[in-house]
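For reference, the structure is listed below as structure tokens.
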Protein chains: 2
Amino acid sequence: MNTLRAERRGVAHLTCVDVIERPINTLRGMPKRAATRRPPEERRQEIIDTALALADTLGLDRITSRDVATTLGVTSGLIHHYFPTVDDLVVAAFAQTASAQNDQDRQACQSLPPTDALRALIQRSLSMGSANARIWMSAWVAAPRRPDLAREVDKQMIDGLDVLTDLLRRGHDAGVFRVSDPAASALRILVLVDGVLVQVSMRSETTYGDVHALVWDTVEREVGLPLGSLRPENT
Amino acid sequence: MNTLRAERRGVAHLTCVDVIERPINTLRGMPKRAATRRPPEERRQEIIDTALALADTLGLDRITSRDVATTLGVTSGLIHHYFPTVDDLVVAAFAQTASAQNDQDRQACQSLPPTDALRALIQRSLSMGSANARIWMSAWVAAPRRPDLAREVDKQMIDGLDVLTDLLRRGHDAGVFRVSDPAASALRILVLVDGVLVQVSMRSETTYGDVHALVWDTVEREVGLPLGSLRPENT
DNA sequence: ACGTCTATTGAATACCTGCTCAACAAGCAA
DNA sequence: TTGCTTGTTGAGCAGGTATTCAATAGACGT
């Protein structure tokens, strides 16, 4: 972000190269710079993607219309043309990643037998990068101050819980799992995953082996599978 | 915070009562208002407490010298007199709560037999209010942008881990627990607790029963105690 | 070629924020 | 009382931020 701030600080940092490299009509008194006009949906997606990229390092509620604009090479006014409030942008950005993850999980549940689907789900959660972890955590922290975001976070968490609950129930009905209360088991598993997520976001150097083993242990026990039967071989 | 913002917006909201109730020398051209002078350590503590109160709802990195000042009834300049940078205040505030918790745990470990100490530790963690949970989460989120805070968070997490590790080792040596790797077990337990903490901060209405049971189950298993022997009776 | 539509700019407004500093005054010592 | 120390104020500077809006200029249909 320092580079962004520096750029915005004014004209003092402009070198000859900077001036020469941009079209002549940029200069004062001349017609405005040519805008790279784009189809609305495409631009909208660009903005969301940029916002998410910034949120990776800054956290969701540190996103700024100006920062998004300068990284994208446009003006902050344009950002507000697509998202009237920054809040709208934040919610849209979070909704996109979260629902993408849930959709992916849901699809895995439909295309794989219960055991494989569960393995895939847990594996994806455990391998989720620290960037993604930080987006979730910043969403949790920002939620109390942003009602719309809070609503979206709630929705996505419930959605994720539903996906896992359905999977457990399906596995139980198929006789593969043994879960007396699918919803409760799903919640327990997600709590565990959240805990790992926190660790991931804080200490990327720590050895996760033990922590990951804890997750596999607990999940296997929770769904009534023999220990070691769910986790991948190399773990 | 809305009330604070409104107060700060200017004199437009001043009613007759407001003007009359404060000393006459407040008015323009008159000598300054009498300052309630306080011993430095006391004032310093006041500031930290106020900052923590604000952090409960806003998150640690939304703390503002002006907000702290107005809630405390002083000027933002005074805040900077005690804490040159807001960063200093944030770090001091976090360090205070975190170290208080660790000290409390450490004392419990020294004054109680291992099983009781472990029970007390877990119980305190599980009953930690959502406010406290939010302070930890905001610390995790803000850490990447605040090196000093990151250092403090790291220190406090390691400290908490050490307390638990020592307890497990002591219990093992005393023949009460059976833990092959105390540090690894401590980390696993803390991951679990962090996961619960996230849930607490988000959904205060959800039934925690199952989640708490998961923690007790896992901890008992982790330290080699018979199931149900650690948790309090009513759980 | 021409006109319409709208994506995009640039600039302005109003507010918030961290931080500084000279001046003031509360308490204490002599 | 007098003087000194220092907690405290008030005002100000230099930015940062969300948001608005008239004006501009690509793109596209006719």
* When we call it a touch if two heavy atoms are under 4.0 Å apart, what does A:Ile63 touch: a base, just sugar-phosphate, or nothing? -> sugar-phosphate

* Asked: Which atom pair, heavy atoms only, marks the closest approach of B:Ala69 to B:Ile79?
  -> CB-CG1, 3.9 Å

* Contact list for DNA chain C against residues 39-46 of chain A - heavy-atom distance below 4.0 Å -> A:Pro40, A:Arg43

* Structure fact -> Picking from C:dA7, C:dC19, D:dT19, the nucleotide nearest the side-chain atoms of A:Leu78 would be C:dA7

* **Distance, rounded to the nearest Å, where A:Arg37 contributes CZ and C:dT6 contributes P** => 9 Å

* OP1 or OP2 of D:dT8 under 4.0 Å from side-chain N/O of B:Tyr82 -> yes

* Using a cut-off of less than 4.0 Å, is there contact between a side-chain N or O of A:Thr64 and OP1 or OP2 of D:dT17? -> yes

* Structure fact -> Looking only at heavy atoms, the pair that brings B:Ala93 and B:Ala51 closest together is CB-CB, 4.4 Å

* To do: Could you work out which one of C:dT9, C:dT8, C:dT17 sits closest to the side chain of A:Val74?
  => C:dT9

* Asked: What's the CG-P distance between B:Asp148 and C:dG18, to the nearest Å?
  -> 16 Å

* **B:Arg38 (side chain) and D:dG7 (base): donor-acceptor pair under 3.5 Å** => no

* Touch class at under 4.0 angstrom, heavy-atom based, for B:Ser76 against every strand present -> base

* Asked: If you count the non-hydrogen atoms of other residues, nucleotides and ligands that lie under 6.0 Å from CD in B:Gln107, is the total more than 12?
  -> no

* Structure fact -> Checking C:dT17, D:dG7, C:dG18 against the side chain of B:Val86 (C-beta onward), the nearest is C:dG18

* Length of the CZ-C1' vector between A:Phe83 and D:dT20, whole Å -> 18 Å

* To do: Look at the side chain of A:Arg66 and decide which nucleotide, out of D:dA18, C:dC5, D:dT5, has an atom nearest to it.
  => D:dA18

* Pairing of B:Asp159 and B:Arg106 as salt bridge, 4.0 angstrom limit -> yes

* Asked: If only side-chain N and O atoms of A:Thr75 are considered, is one of them under 4.0 Å from the OP1 or OP2 phosphate oxygen of C:dT8?
  -> no

* Choose from D:dA18, D:dA25, C:dT20 the nucleotide whose nearest atom is closest to any side-chain atom of B:His80. => C:dT20

* Asked: For C:dT8, does either OP1 or OP2 sit under 4.0 Å from a side-chain N or O belonging to A:His81?
  -> no

* **Pair listing, ring-ring contact (aromatic ring centres under 6.0 Å, His included) test, anchored in residues 53-79 of chain B, at least two apart** => none

* Using the ring-ring contact (aromatic ring centres under 6.0 Å, His included) rule, collect all pairs that involve residues 59-110 of chain A, keeping only residues at least two apart or in two chains. => A:Phe94-A:Trp136

* Length of the CZ-P vector between A:Arg145 and C:dC16, whole Å -> 16 Å

* To the nearest 0.5 Å, what is the distance between CD (A:Glu46) and OG1 (A:Thr71)? -> 10.5 Å

* From D:dT19, C:dT17, C:dC19, nucleotide with atom closest to A:Ser65 side chain -> D:dT19

